[in-house]
Each structure stands twice: as structure tokens, then as C-alpha cells.
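Written out below as C-alpha cells is the structure these notes cover.
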Amino acid sequence: MSTVITEQATDTVTEGAIRIEDVVKIYDPDGAAVMAVDHCSIDIPAGEICMIVGPSGCGKTTLLNAIAGFHDITSGSIHLDGELLCGPGQPEAVPGSDRIVVFQNGALFPWKTNLDNIAFGPMMAGKLSKQEIYDKARSMMADAGLSGTENNYPGEVSSGLRRRVEIVRALMNDPKVLLFDEPYRALDSLTKSVMHEALLEIYYRNKVTIFFITHDLEEAIFLGHRLIIMSSRPCKPKKIVEVDIPHPRDYSVLTSQRFREIMNEAKDVVHEEAQKAFDAGEKEG
Amino acid sequence: MDKSMDPTTSASSSEVSSAALTMFRLSSWLKSPRPYLMLIGFAAVLAFWFFSVEVWKLPRFVDMPGPTEVFTEWFSKEPYYGLSVYTPEYYKHIGISLRRIAFAFFLATALGVPLGLFLGWSKTFREFIFPLFELLRPIPVLAWVPLAIIMFAGSETPVIFLTFLASFFATTLNTMLGVESIDESYSRAARCLGANRWQTFKHVVVPGAMPYIFTGLQISIGVAWFSLVAGEMVSGQYGLGYLINTSYMMIEYPKIIIGMITLGIVGYTTSAMVRILGDYLMQWRVRELALGDN
């Protein structure tokens, strides 16, 4: 079954394969070493929506930050399309527009209008003319149903709309990978379900690899090709669940028989890890 | 307050111009009880002044000029003590104080903002400069008076230096705090999107620190007036601080009160100008706060 999904994902996408090999991350803030990631290996084929599921504070974000280049890893390696991001001799990846993070609390610049936010990446790169960049930005906003909010500041629009602007801002740079750090955590469940459909719609139009961190199992199954359920700290894959519900998906999937079966399969493992994290009293992060 | 300003339905609020927004805020301010409470506050103080000096003649208030005397003098075409809104001397005092404030405030901003930005941005730079800065900052402006007079020639530069000093510390410190207050996600996002260090500084650090910078400038203009009056009392000719001090020595008490009220009005006006400039430069924040107001 897994090969079917992998093929489906890689059918149209040739770039954005992530290989995480034996990654260890040890924090040493005050003399006492804390292992955040423990010999973690994950292989993500190009174009897959890979959901990293685990209790809050298990070290998932550490892994995401290592891919993005926000901090180093202690050992192991991470490759993107066969090229070394970080590993021996290069402990910290260089952040770049081939891997763009969509942040937990959103990181649209509040001092720039939605349109200026979306144009930011290409404007920094300076490869295209301003006219070309803004034309592209406007048309991408129109495609994502964001027309009419170009001149609004992020603080003026709903949080759901802000998330969409942030995803479009990332896609403007033609990234290979989008890294989502629990972006919908703060949204209410009704807005969330709308956001999920909107995200899939964007994904179907711009196939990229998606590395998506969440602790919401329903979200994970609805969006993902595959769930990697992580153990609580130190973080390492504990169980992999294939979601063999065909894409494109819509909201009706949530009530299907198969959805409930997968939910049941994953639930016990997730619950067990959440219990462990709870008992250990780890701080959410 | 107004349902049409609700964030979820504000997709069309880009058409709301800043002028219209100002008018909207002004009209809702006039409809609220706030301006009337403010007037009552003013009236209460005036009434207390009037009754304590002119009606009850309280013991310690004997030498105090009453409101009638002060306002008659202030708006008289032939003022008894030679100072009113009709005498050029009055405007000379205001003008000279304003010029000193302008010099000092401009200098403090031009030096303090960049210094604060670099202090917040570069750790090495901060470790180098900040301890020295923190040692100098608590020294009150008055303690600098002798040194200012020794160091600077003439009577004008020491006053400007003293005025500058307090402003400079307030601006620098707030700008630095502004840089430190910026959520790390913003600079991470900028790096993800391909911005280099300089671009991040320009597009994230400077605008991100802007709200704190303007808070700093508000404080800065306030302490500038404070230090100016201190400076003018010991050095210099003309200026509102000088006016108050010499009026005291010449026993021309109504002029003291005229000088004080004028200081209040002029000080408030400059501070409002800084706020308006801040609002103008930070439309994003004005709009955000307008939406969050209800």
C-alpha cells in the first residue's frame, strides 16, 4: 500500500525529497544535557504530505528547525534531493527559500500589507522586476481567493485569512518544501476545517513536499499521505500510519469508514505517548 | 463599538482612508463621555485655585497670584509686569525654548535611534557599549550642570547639551528594547524567504522596533522639556525656564504661572506632534489598534 501512495505523490513532483538520517539533537543549556531528538530517521518522498504527530513538547519542532536551518544538529544528517543540508562538517543548515516555514503563531510582517508580504521573498532575491513580482503576487492572491485584501495589513484580517496569506507568501518563492509548525493550533475547530480544505486546494495546484507538525490526529489523517507518530521526548518515530484515502479529499472524508479505522489505529499509540509526556511533565513547545 | 469594524468582515476596510478613520475616531471620541470628563477635571482645578486664593485666602496661598490676576495679565494689551500674549518678548521666550528643544531632540533622535538599533541587533556591540551606557544613564541631568558649563563655551550649548542628554538615553534605551521585543519568528521568516542580514535589518528590525522607538520619543520629548527648564534656570538667556526663574527672583509672581501654563501647552503640543508622526509612519499599527478598540 505504501508504494501506491508514494508513487501517487511522486508522480508529478520530482523535487523536494527529504532524507533524515540518524539525527540526534542534544541541548545543553545549563550543564545538564537534554536529548530532544534521538537517532531519528525519516524518509519523505518528493511531493508527499508527511504529518509528524506527537504530544506537545516532544521535540518535533527541533527537527523542523534543523531542516529550516534555525539551529544545528548534534549528529546525523539531513539531505534535500541528495544535497546535504546539515550533517558531518556542516552542523547547521543555511536557511533558504527552497524550504519555507509557516510558523505556529504566524509570521507575516505586521508592518507590511498582505501584498507586500507576499512579494517579500522575490523582492529580496531581486531577480525579477518589481512589476513582474507584483503581477505574480496579485495573481497568486486571486488564485487563493485573497483578492480585495491586498492593501490590508495582516492585523486587519481574520487569523484564518492570515494563514492563507502566509502560505501564498511561501509559495511565491517556488519552494521545494513547506514546513508547517502547528500552524492551525490556535484556530477554532470550525475555522480549522475550512483551512484544511484550503490548504489541500493550494497543494493540488502547487505540488510541494509538506512537512507538517501537529498534535491533532484528525488534522493529520485528513491532510496527510502518511503519519509519523513520534514518541515523547526524546523524539523518534514510533509508528508510521499510511493514510490510503485517495486525494483529492474533501470534508466528507472525515465521516468515512476508512477515516475512523485509521483514527482507531493511530489513537492508541498517540494516547500512550501523550500520557508519557504528561507524566514526565514536559513543557509544551 | 461598530460592527462593521469587526476583523472578520473588514476585507473592504482598505478603502477606509486614514483621514476618514481620523474623523471616525474624532466623532466617536466626542460622543463618548471622555472629553466632558476632561473638561470637568480642568474646571475642578481652576475652581480650587480660584477659591483657595481669591475667596478663602488660605494662609499659605497669600502670595499666590489668583487665576483672575494671571489671566488678566496674560491676555492684557498693556501688561503690568510686561509679559502677555501681546508682547513680542513672550514669543521670544517660547521661540528660544522651542529652538533648543528642536536642536536637542533632533540630535538625540539622530544619534539615539541608530545606537539603540545596533545595541539591540549586535550582541558584541551591546557587550561593548551597554555597561558604560547603563552607568551613565542613572546620573541625573542636574548633576551634569557643572560639567556642561565647564565643557561648553557660551550659554547656549550647555543648555542644549543638558536637554539632549536625557532625551538621548530615553531614545536609545527604548529603541534597544524595541529590537529585543521583536518576535524571533519574524527574522527567521525573513531568512527563510531569502533576506540577507542587511535586508533583515532594514525590513524586520527597523519597522519591528518602530512602536518602541516612538514610545521612546514620547518619553524623550517629555524629559527634554524637563531638562531644558533645569538648564535654563542655571544658564542661558531667554526661554521659559529662564522666565520662570527670573520672575521668581524679581517677585513677579503672575509671570511664573504664565510661564508654567505655557510650558504645559507647548510641551503637550510637541508631544502630540511626535505621536501624530508616529501614527503616520505606523499606519499598520493605527489600523490594528482601531480594530482592537472595541
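Protein chains get the first letters and strands the later ones, always in sequence-line order, with residue 1 at the start of each.
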Applying a strict 4.5 Å limit to non-hydrogen atoms, the region of Asn65(A) in contact with chain B is side chain
Under 4.5 Å to a heavy atom of chain A? For Gln283(B) that would be both
Enclosure of Phe226(B) CZ (heavy-atom neighbours >12, cutoff 6.0 Å): no
Filtered by a 4.5 Å non-hydrogen cutoff, the part of residues 198-209 of chain B contacting chain A is Gln199(B), His203(B), Val204(B), Pro207(B), Gly208(B)
Among residues 185-197 of chain B, those lying within the under-4.5 Å heavy-atom range of chain A are Ser185(B), Tyr186(B), Arg188(B), Ala189(B), Ala190(B), Arg191(B), Cys192(B), Leu193(B), Gly194(B), Ala195(B)
Bottom line for Phe103(A): the part with an atom under 4.5 Å from chain B's heavy atoms is side chain
Within residues 107-116 of chain A, contacts to chain B at heavy-atom distances under 4.5 Å involve Ala107(A), Leu108(A), Phe109(A), Pro110(A), Trp111(A), Lys112(A)
Checked Asp98(A), Val94(A), Ile100(A) vs chain B; the most non-hydrogen pairs under 4.5 Å come from Ile100(A)
_Just checking Phe125(B): does its CZ atom have more than 12 heavy atoms from other residues, nucleotides or ligands closer to it than 6.0 angstrom?_
yes
For residues 118-125 of chain A against chain B, heavy atoms under 4.5 Å, the residues are Phe120(A), Gly121(A), Met124(A)
| said: Within a 6.0 Å radius of atom CZ on Arg19(A), are there more than 12 heavy atoms belonging to other residues, nucleotides or ligands? | reply: no
